[in-house]
Amino acid sequence: MARIVQKYGGTSVGDVDRIKNVAQRVLASRAGGDELVIVVSARSGVTNELLARAKALSPLPSERELDQLLAVGEQETIALTAIALHAIGVDAVSYTGAQAGIFTDKGYTKAKIKTINPKPIEKDLKAGRVVIVAGFQGIDEEGQITTLGRGGSDLTAIALAAALKADKCEIYTDVDGVYTADPRVVKTAQKLNEISYDEMLELASAGSKVMQSRSVEFAKKYGVIFEVRSSFNQNPGTLVKEEVAYMEKVVVRGVAVDKDQAKIVVSNIADKPGSAAKVFRALADANIIVDMIVQNVGQGGVAALTFTVPSADKAKAVASLGPVLKETGGEVTVQEQIAKLSVVGVGMKTHSGVAATVFQQLAEAGINLQLISTSEIKISVVIALDRADEGARLVHAAFGLGEAKPAVA
Ligand code: ADP
Ligand code: ASP
Ligand code: MG
């Protein structure tokens, strides 16, 4: 008997018929007598709708109230999934994050999981029940509802798999697995049979929303091997696991585009020690994740700092910089029509020329590079939003990723 955690994303529970489909899949998985914990997201679109309503009332809503609101989406689908299972004779019980013992810090809207008390779920599993858990949510030590960042149901599933020592963790979504690029944008993208944690992490943090990046970080830390699969067919998916030597033979594993970033420019800031520290301290204190950073060569005692933040945090970023700029001088401008294009591969550690190929492809198409950053296994560039998909297709083709490769042994 195996213990399995399955996560069904927003499209997979998007309406009543799809919830029935999930219930049938759970029934089939249970046929072998396995213990099942099912994590579900909100119906697709619901979290965005709730967020839009809050933003229509206030440009900068209270984050406590946002979490209170956003947790509603998953609370609907856990109950509906349990009801669908009861209707086909499966004993099941639904739990919110709090009821499932998922304790987080106080970081509203992107809280981190601190501990999970496995006892309530263990008890139900022992009693032969299927346990349905609301993804994306937890509770802090004061009993406040928190959420785990967009796409956070992936994290709920992986953290539960670790806490419950599950034998398998399966992430069911609306594509067959992890591809060399978003298959909706790059039609020639190929499904990967497997991918290393580090590559998946870089692709996820570069905008491949097939997995939430923090969930991959968690999986790597606790050694949770997981499979990304489709809830609409029986095709094998993509296994995400520790890097093995043969993976380095492939230079570029995949291409990602992130259209949810904003570029912030702080110009005319005092060019002296401490200015940058103050800017980034204020952003860190506001719990904002800053990605690419560039400082130009100062002139006439002033300099410019350019960086990217998630679009959802742009208003908060500007607000948090207000007091700092009173001390350091400078003005803030936000540029939204940008996207980040990244290529990722562990093989980059041992192969050269990847950056040159990326830059050349984009240059030939007349796509201007606004910012560049690199890590050991990733190269990212910021380009105009309206050229992003074209850029992704060009770079994907340049590395031969659209050609079917023989499965790696
Ligand atoms: P879920 O609601 O199941 O969590 P998401 O919408 O969060 O699903 O993630 C699945 C989507 O991720 C796919 O529909 C696909 O368009 C997108 N995606 C982006 N990059 C990739 C990639 N490299 N491989 C597969 N899917 C990708
Ligand atoms: N419903 C949440 C979101 O849309 C969490 C998730 O889907 O994983 O971000
Ligand atoms: Mg998702």
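Whatever order the structure lists them in is the order used to number ligands and atoms, beginning at 1.
Within the listing of ligand 1, atoms 24 (N), 25 (C) sit less than 4.0 angstrom from a heavy atom of G177. Residue contact check: V178 has heavy atoms under 4.0 Å from atoms 24 (N) of ligand 1.
Contact annotation: M211 has no heavy atom less than 4.0 Å from any atom of ligand 1. Residue contacts with ligand 1: G207 is excluded, as none of its non-hydrogen atoms falls under 4.0 Å. Proximity of V175 to ligand 1 is established by a heavy-atom distance of less than 4.0 Å. Every heavy atom of G151 sits 4.0 Å or more from the atoms of ligand 1.
Heavy atoms from other residues, nucleotides or ligands lying under 6.0 Å from CD of E141 number 12 at most. More than 12 heavy atoms of other shown residues, nucleotides or ligands fall within 6.0 angstrom of atom CD in E364.
For atom 27 (C) of ligand 1, the closest non-hydrogen atom of the protein is V210 CB, 3.6 Å. When only non-hydrogen protein atoms are considered, atom 4 (O) of ligand 1 lies nearest to K7 NZ, 3.0 Å. Protein heavy atom closest to atom 23 (N) of ligand 1, with residue, atom name and distance, is Y179 O, 3.0 Å. At the shortest separation from atom 2 (O) of ligand 1 among protein heavy atoms lies G10 N, 3.0 Å.
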Any protein N/O atoms within less than 3.5 Å of an N/O atom in ligand 2? List the atom names and distances, or say none.
{"from": "ligand 2", "atom 1": "1 (N)", "to": "T47", "atom 2": "OG1", "distance (Å)": "2.8"}
{"from": "ligand 2", "atom 1": "1 (N)", "to": "E74", "atom 2": "OE2", "distance (Å)": "2.7"}
{"from": "ligand 2", "atom 1": "4 (O)", "to": "T47", "atom 2": "OG1", "distance (Å)": "3.3"}
{"from": "ligand 2", "atom 1": "4 (O)", "to": "R150", "atom 2": "NH2", "distance (Å)": "2.9"}
{"from": "ligand 2", "atom 1": "7 (O)", "to": "S41", "atom 2": "OG", "distance (Å)": "3.3"}
{"from": "ligand 2", "atom 1": "8 (O)", "to": "G151", "atom 2": "O", "distance (Å)": "3.4"}
{"from": "ligand 2", "atom 1": "8 (O)", "to": "G152", "atom 2": "N", "distance (Å)": "3.4"}
{"from": "ligand 2", "atom 1": "8 (O)", "to": "S153", "atom 2": "N", "distance (Å)": "3.0"}
{"from": "ligand 2", "atom 1": "8 (O)", "to": "S153", "atom 2": "OG", "distance (Å)": "3.0"}
{"from": "ligand 2", "atom 1": "9 (O)", "to": "R150", "atom 2": "NE", "distance (Å)": "2.7"}
{"from": "ligand 2", "atom 1": "9 (O)", "to": "R150", "atom 2": "NH2", "distance (Å)": "3.4"}
{"from": "ligand 2", "atom 1": "9 (O)", "to": "G151", "atom 2": "N", "distance (Å)": "2.9"}

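When each of D260, T47, N48 is checked for a side-chain hydrogen bond (donor to acceptor under 3.5 Å, both in side chains) with R150, only N48 meets the rule. Of the candidates D67, T115, D140, T146, T104 forms a side-chain hydrogen bond (donor to acceptor under 3.5 Å, both in side chains) with just one, namely T146.
Taking all heavy atoms of I171, T173, D182, D174 into account, the minimum distance to atom 1 (P) of ligand 1 is reached by T173. Taking each of K209, R184, Q190 in turn, the one with a heavy atom nearest to atom 9 (O) of ligand 1 proves to be K209.
For the residue pair S41 / S153, a side-chain donor-acceptor distance below 3.5 Å is found, with atom types taken as modelled. A donor atom on one side chain and an acceptor atom on the other are found under 3.5 Å apart for E331 and N268. In summary, the side chains of D174 and T11 do present a donor paired with an acceptor at a separation below 3.5 Å, with no hydrogens or angles considered.
Considering backbone and side-chain N/O of P183, none are found under 3.5 Å from N/O of ligand 1.
Residues I139 and A98 share a closest heavy-atom pair of CD1-CB, 3.6 Å.
Under the ring pair (Phe, Tyr, Trp, His ring centres under 6.0 Å) criterion, F232 pairs with no residue, sequence neighbours left out.
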Checklist entry - Given E142 and K106, is the side-chain contact (heavy atoms from CB on, under 4.5 Å) satisfied, shown in steps? => result CA-CA 9 Å; E142 286 165 9; K106 295 176 192 306; 3.0 Å; yes

Checklist entry - Does the salt bridge (Lys or Arg N to Asp or Glu O under 4.0 Å) test come out yes or no for E170 and R25, once each step is laid out? => result CA-CA 12 Å; E170 299 167 339; R25 294 185 75 103; over 6 Å; no

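Ring geometry for F280 against F307 counts as perpendicular: the plane angle is over 60°, on a 0 to 90° scale with 30° as the lower cut.
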